[in-house]
Structure formats: structure tokens, C-alpha cells
Amino acid sequence: MLKALVLLFLAWVCFLFYAGIALFTSGFLLTRLELTNHSSCQELPGKGPVGGGGRGEPGACWTTPRFSRAVVVLIDALRFDFVQPWPGGLPAPQPFLGKLGSIQRLLETQPQHARLYRFLADPPTTTMQRLKALTTGSLPTFIDAGSNFASYAIQEDNLIAQLNSTGKRVVFMGDDTWEGLFPGAFSQAFFFPSFNVKDLHTVDNGILEHLYPTMDRDDWDLLIAHFLGVDHCGHKHGPHHPEMAKKLNQMDQMLQTLVEQLENDTLLVVAGDHGMTETGDHGGDSKSEVMAALFLYSPLPLFPRAPLKDPEVVPQVNLVPTLALLLGLPIPFGNIGEVMVDLFSREGDAQPLATALAQASAYHLNAQQVSRFLHAYSLASQDLPPEELQRLQNLFSSASSEYERLLYQLKAEESFLLLQLLAAAVGTPAESSGPFSVPWLAISAWALTATQTFYSTGHQPVFPAIHWNAAFVGFPQGHGSSPVLPALLVGANTFASHLLFSVGCPLLLLWPFVCEGQGSSKKKKPLASGAEVEGEKEEEPLMEMRLRDAPHHFNAALLQLGLKYLFILGIQVLACVLAASILRRHLMVWKVFAPKFIFEAVGFVVSSIALLLGVALVMWVDRAVGSWFKQLILSQER
């Protein structure tokens, strides 16, 4: 009974720590409420006129579609400099430079048909979070990085849901992460396992097997191909390896063939969901991780003028409202992105009035949608300050009134003043243990050794430094479709020191006996006469066997040891909490301090659970030894 009480008390202390960590996490890390509202063709996002036409026309929803179909090629980890043009004839200093020559040729020979952008991703730069942003137009929260191992279905309004609700057919091929995010959403799908980063070709070759035959058919409206070879090559070899050049050459040949098969009513979108570091990893917020590439191409002229010399920076969330309006779909309800207005121009400069009207109409629809979302979000959550919300509403009302006035002037005087209506974006935002007490110094040294082991084995408290290859130890061919086992292997590798030292912590109960044994006097040596050496003490029971003589002291010492260890671990977490709080406005908060806090918090949870297991194991051994001891005494008495 006493042992059970000790375990329950330690579990209660752990729970108090968990509650404190959860309380701080809920206030420090970015969180948001996911609304289940959906946009629809039957309901415009706001009142007022819609310039540029569209309502009532065949295939129109909020506005007239410019393209009837689109091909989205997602090249995982396509860093911007992988696509950046390289001068012909000059040797490239890195293997990844100048390999996507088809994009460079299209930019040079058809400047009004093609455009290259710097595609800015928001951290965390993990695939699942980026896919949510690229389909919903929202910003996944920082803590969502942990769900990259176990993707869950997206409940928010998104492009895939809008395509399905309007009767469009979506065909997918590639990364099986999409299967978990959009179950049953595709009219046809070819999923391939994505977690084996050592496999550079299975996913890409599988896509290529189905891509070109699908392009020749007319049973689709949106075709999505998610290639993984570049990302896996980065994880396995890094961006500077010759294998990266081979993989980019394969992507270049694929794009060249794809462009030749495009029809006039089809838009080609080539994008990277994130970049990669110089070691091929991603997950953080470094420039090389957040700066991906976006390339757009249309067989018909799409842009009124030649591209800028330095490609424009476009946030990833901006792609969602842009694609929605170009395909004649409602903008997803929770989108906070801004339309890429250049894509809403008319052919050439012969119709500047029509171009300006189309761009203003796109801006207005986008602003109405964001305003509606802010209003709905403010009703469901208290995260938005009322005064800030009112300020945004006043700005929107003023801009809407100006837009309506300008439309009236267009009808009355056929004159136009270009209105640039910027969409508002939401952001934020005991009992004495007797002679068995383990000193603080020993416990502190044990805890610090666990921390030192974490660093000495090559780990760091940042996401890009996670040893992903640990997922394949013992499984060089992969694990199939389940992400549970690889996630456990990576977690065990990352927090191995926390597990081992916490499970072994109860063994520190032997510390007093070790010290006593090292400093004790020699055993008594009887003289020939039978008398003992003067000054020698009588022999005591050996070390840990004395624990049997005082079971209440043993249990109290075990409880005290557990509390001391939890206290030291809690001090480490508290230090991270204070650092994150004090430096919450520091430029490196999401790169250094937030990941450090997450690692310490998870490490505390792992350590506390392992400590409870270690205490339970010691109690089980003690009970087994006690039973054996009783049987020994009974046998001797007989």
C-alpha cells in the first residue's frame, strides 16, 4: 500500500508540472481557432456590386473563371536558388545551379506567359503544415509541427473542398500525406509512401508513370503531382551532392514534356512547399528553409508586361485566393492571403480599363472574404482586440465605399482611377528518509549528465537537427505506410538520454552505500586469541541489504529522490519559460527560444514518465527480494 501511495504522489507532482507547461504553452505559442464555415457560390462574401462581371455567366461563381483547368506540380523542398536562372556557358559552382533550364528558357522566350516568384513559406517549414497553408490560405500554428508524423483530415474550408462542392474533378499522384489530409476527396489518386527519405525515386517514378497518360485525358479539372525526390535527396545527401543535380535534371525533363502537353485553357503551377538548409534539412525559419520557388506558366499570354529583374516575393498563402478566382471558385472561408493581382490583367495593354477593373474586382472580393472571416472569428474567439477589429472594419468600409464610388464613375463617365484595395490580414497573434537520503549534488550531477549526453550524441534543440535517419535503423527498406514506428524510432533517438537516465535515477539510492563503502574502515580481523582489534566496529549488513531492515525509510527515500529529480528537471523547464517570456519579441524567438522550450517540455514529459517507470521497477524488484527474504527466513527457522 505504501509503495502505491509513493507512485501516486509522484504521478500527482508530474501532473502539476504538466499543467504548468500546458498553461505556459497555451499563452506563448501561437494558437488559433479553426472555423468550419465554408464559402459557397450561392453567397457572396459581402454586399455591394461585383465589378468585372461573372455572376450568371456559364461556369462562373464569384467571378468569371480565366482557366478551366490547372496542373499543380509540387516539388518538395524546391529551394528558390534551385530554380534561379544561371548564365549559359558559365560553369556552375554548385551542382544544383542551372539544372532547371526549361524554366529559364520560358522566362526568356515567353515573358508574357511565364513568371518566377520567391515563394515565402511561414515556419514551421514541415510538409504537412505547408500543405495546409497551400490549400486553406491560413497559417498553421507553430505547435502543429508535432503532427507531421500523424496527419489529420483538414476540416477548414480549402481549395480541394471547393472544387468538390462545385463538381470539379481532382486527380492526385504522389506524397501519401495528402491521403490523410483529404480522405476521399480525389476522383482518382495514386498515393506513394513518403517517409523513407533514403528512397529517391519510387515516388517520382510512380508519378511519371501516370502523369503523361492523365494529361492526355479530359476526366480532370485539377491535377496535382507531389514529387519527393528533391526533398529526399536533400535529407540523404544534402543540396551540394551530384545526386541533387541528377534529380533536378529529371524534374527539368518532366516540366519540359508537361509544357508541351498543356492546352490553352490550362494553367501550370510549379511550386516548392519549403526550402532546405545546407545540410538538406528543414523545419525552421532560416532563409534557405522559408524561401521556396513558384513558377507560373500559361500557353496564352497571362501577364501584361515583362517580369522584373529581381523576382517578387510572394507569401505562400497568396496562392490560394489567386487560384480560386482564376478557376472561378469561391475563396476558402478562412483564407488570409492576398490575390496576386498581376494574374488578373487582360491580354496586352490595349485594354487598360478592363485590366484595372478586373484587378480591382479581385481585390474587392478578396477584402470582402477576409472581412467576413475576421467577423466570424471574432464571434467565435476572444483573440482579436475589439479596438483593432473596429479599426480594420472602418478601413474596409471606407475602401468599399470608395470602390463603389469608382464603379459608379466608370458607368457614368467611362473614366477610371485604379483602386488597390489591400486585404486585411489577421496576425497576432515528506517523511524523513533516514540514512538513505541521496544528496542534491548527486541528483543534480545525474540530471546534468543526461543533458550533456543529449548534446554529446549530436542532438540540438532545433527541428532541422533532428536525426531523421534514425527512423530507418533496422528498416533500410522502409516501414510501409504507417508513420507510428518511424516516429517512435526518431523520438527514442532524440530523447534516449532522457529515457535512460530517468529510468536509472532510482539506482541513485545506492549512492550513500557506495560512499560509505569507499570511506569505511577495514573489516575486523580477529587475533589468534579471539579478541578483536581495538577500535574496530562490529560488521554491519552489506550495503543495500540494509534497506530490508527499514522499509519505511526505503519508500520515503524513493519518494524524496523522485521529487528532487523532478524539481531539477522543473528548474530547467522554468529557465526556458523565463527565457522565452523575456525574449518573446526577439528576432530569433521562433528559431531558438520556442524550439528550445518545446524540446525541454517534451523532454520533461518523457523524463517524468521514465522516472515513474524506474520507480515502479525498483519497487517491483524490492517486493520480489522481500518475498525471497521471507522465504529464506522461514526455511532457516524450519
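Because only heavy atoms are used, hydrogens play no part in the values below, and waters and symmetry mates are left out as well, while side chains stay in.
- A distance-only check finds no donor-acceptor pair linking the side chain of His467 to the backbone of Asn469 [under 3.5 Å].
- In this structure, His113 contributes its side chain and Ser298 its backbone to a donor-acceptor pair below 3.5 Å.
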Ring pair (Phe, Tyr, Trp, His ring centres under 6.0 Å) between Phe190 and His210, intermediate numbers included:
CA-CA 8 Å; Phe190 306 94; His210 300 284; 3.8 Å; yes
Using the side chain to side chain donor-acceptor pair (under 3.5 Å) rule, take Glu278 and His240 through it: C-alpha gap first, then chi angles, then the decisive distance, then the call.
CA-CA 8 Å; Glu278 293 305 300; His240 303 282; 2.4 Å; yes
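- For the atom pair Met244 CE and Asn249 CG, the distance stands at 12.0 Å (nearest 0.5 Å).
- Glu179 places no side-chain N or O within 3.5 Å of a backbone atom of Phe191 that could act as its donor or acceptor partner.
- Rounding to the nearest 0.5 Å gives a distance of 9.0 Å between OG1 of Thr136 and CG of Asp157.
- Side-chain contact check for Trp62 versus Ser39: some heavy-atom pair is nearer than 4.5 Å.
- Ring-plane geometry between Trp178 and His226 is classed as perpendicular, the angle between the planes exceeding 60 degrees on a 0 to 90 degree scale with a lower cut at 30.
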Start with the C-alpha distance between Asp216 and Gln261, add both sets of side-chain angles, then the distance that settles side-chain contact (heavy atoms from CB on, under 4.5 Å), and finish with yes or no.
CA-CA 8 Å; Asp216 292 332; Gln261 292 187 255; 2.8 Å; yes
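- Proximity of Leu159 to Leu327: side-chain heavy atoms (C-beta onward) are nowhere separated by under 4.5 Å.
- Side-chain N or O atoms of Asp122 include none that pairs as donor or acceptor with a backbone N or O of Leu139 at under 3.5 Å.
- A heavy-atom distance below 4.5 Å is not found between the side chains of Phe599 and Val462.
- Under a 3.5 Å cut-off, the side chain of Asp221 and the backbone N or O of Arg169 do form a donor-acceptor pair.
- Ring-centre distance between Phe80 and Tyr117: not below the 6.0 Å cut-off.
- No side-chain donor-acceptor contact under 3.5 Å links Ser371 to the backbone of Ala367.
- In this structure, Glu289 contributes its side chain and Ser286 its backbone to a donor-acceptor pair below 3.5 Å.
- Atom NZ of Lys198 sits in a crowded spot, with more than 12 heavy atoms from other residues, nucleotides or ligands closer than 6.0 Å.
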Step by step, would you call Val339 with Asn318 a side-chain contact (heavy atoms from CB on, under 4.5 Å)?
CA-CA 6 Å; Val339 290; Asn318 289 9; over 6 Å; no
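- A pairwise comparison of heavy atoms in Arg217 and Trp220 identifies O-NE1, 3.1 Å as the closest pair.
- The shortest non-hydrogen separation linking Ala470 to Leu489 is O-CB, 3.6 Å.
- For Gln460, the CD atom counts as loosely surrounded, since its 6.0 Å shell holds 12 or fewer non-hydrogen atoms of other residues, nucleotides or ligands.
- Going from atom CG of Asp218 over to atom CD of Glu263 covers 8.5 Å, rounded to the nearest 0.5 Å.
- Between Ala133 and Val320 the shortest heavy-atom distance is O-CG2, 3.6 Å.
- The shortest distance between side-chain heavy atoms of Leu329 and Thr166 falls below 4.5 Å.
- Annotation: the span from Phe67 atom CZ to Leu323 atom CG amounts to 10.0 Å, rounded to 0.5 Å.
- Looking at Lys246, Lys247, Gln250 one by one, the single match for side chain to side chain donor-acceptor pair (under 3.5 Å) with His201 turns out to be Lys247.
- In summary, the side chains of His232 and Asp76 do not present any donor paired with an acceptor at a separation below 3.5 Å, with no hydrogens or angles considered.
- For the pair Arg118 and Asp310, the salt-bridge criterion is met [side-chain N within less than 4.0 Å of a carboxylate O].
- Separating the CZ atom in Arg115 from the OH atom in Tyr297 is a distance of 13.5 Å, to the nearest 0.5 Å.
- With a 6.0 Å radius and a threshold of 12 heavy atoms from other residues, nucleotides or ligands, His375 has its NE2 atom at or below the threshold.
- In this structure, OG in Ser138 is found 7.5 Å from CZ in Phe373, a value given to the nearest 0.5 Å.
- Other residues, nucleotides and ligands contribute over 12 non-hydrogen atoms within 6.0 Å of the CG atom of Asn264.
- Between the side chains of Arg79 and Gln84, no donor-acceptor pair of N or O atoms lies under 3.5 Å.
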Check the pair Glu260 / Thr257 against side chain to side chain donor-acceptor pair (under 3.5 Å), numbers first and verdict last.
CA-CA 5 Å; Glu260 294 172 355; Thr257 305; 5.1 Å; no
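- Contact annotation: the side chain of His235 approaches that of His282 to within less than 4.5 Å [non-hydrogen atoms, C-beta and beyond].
- A donor-acceptor pair under 3.5 Å is formed between the side chain of Asp252 and the backbone N or O of Ser102.
- At a cut-off of 3.5 Å, with distance as the only test, a side-chain donor of Asp175 or Ser194 sits close to an acceptor on the other residue.
- With a 4.5 Å cut-off on side-chain heavy atoms, Leu35 and Glu156 do not count as touching.
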List the steps, then state whether side-chain contact (heavy atoms from CB on, under 4.5 Å) holds for Asp231 with Leu78.
CA-CA 8 Å; Asp231 178 69; Leu78 185 65; over 6 Å; no
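- Looking at Phe295 and Leu107, their side chains come closer than 4.5 Å, going by heavy atoms from C-beta outward.
- Counting only distance, with no hydrogens or angles, the side chain of Thr277 and the backbone of Asp281 share a donor-acceptor pair below 3.5 Å.
- Between the side chain of Asn366 and the backbone N or O of Gly337, at least one donor-acceptor pair lies under 3.5 Å.
- Scanning all heavy atoms of the two residues, the minimum distance from Pro45 to Leu365 falls at CG-O, 4.0 Å.
- When all heavy atoms of Val197 and Lys236 are compared, the closest pair comes out as O-CB, 4.0 Å.
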Test side-chain contact (heavy atoms from CB on, under 4.5 Å) on Val313 and Phe119 and set out the steps.
CA-CA 6 Å; Val313 177; Phe119 207 29; over 6 Å; no
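- Contact record, Asp204 with Leu228: OD1-N, 3.0 Å, taken as the closest heavy-atom pair.
- Residues Ile224 and Ile160 form a side-chain contact, since some pair of their non-hydrogen atoms from C-beta on lies under 4.5 Å apart.
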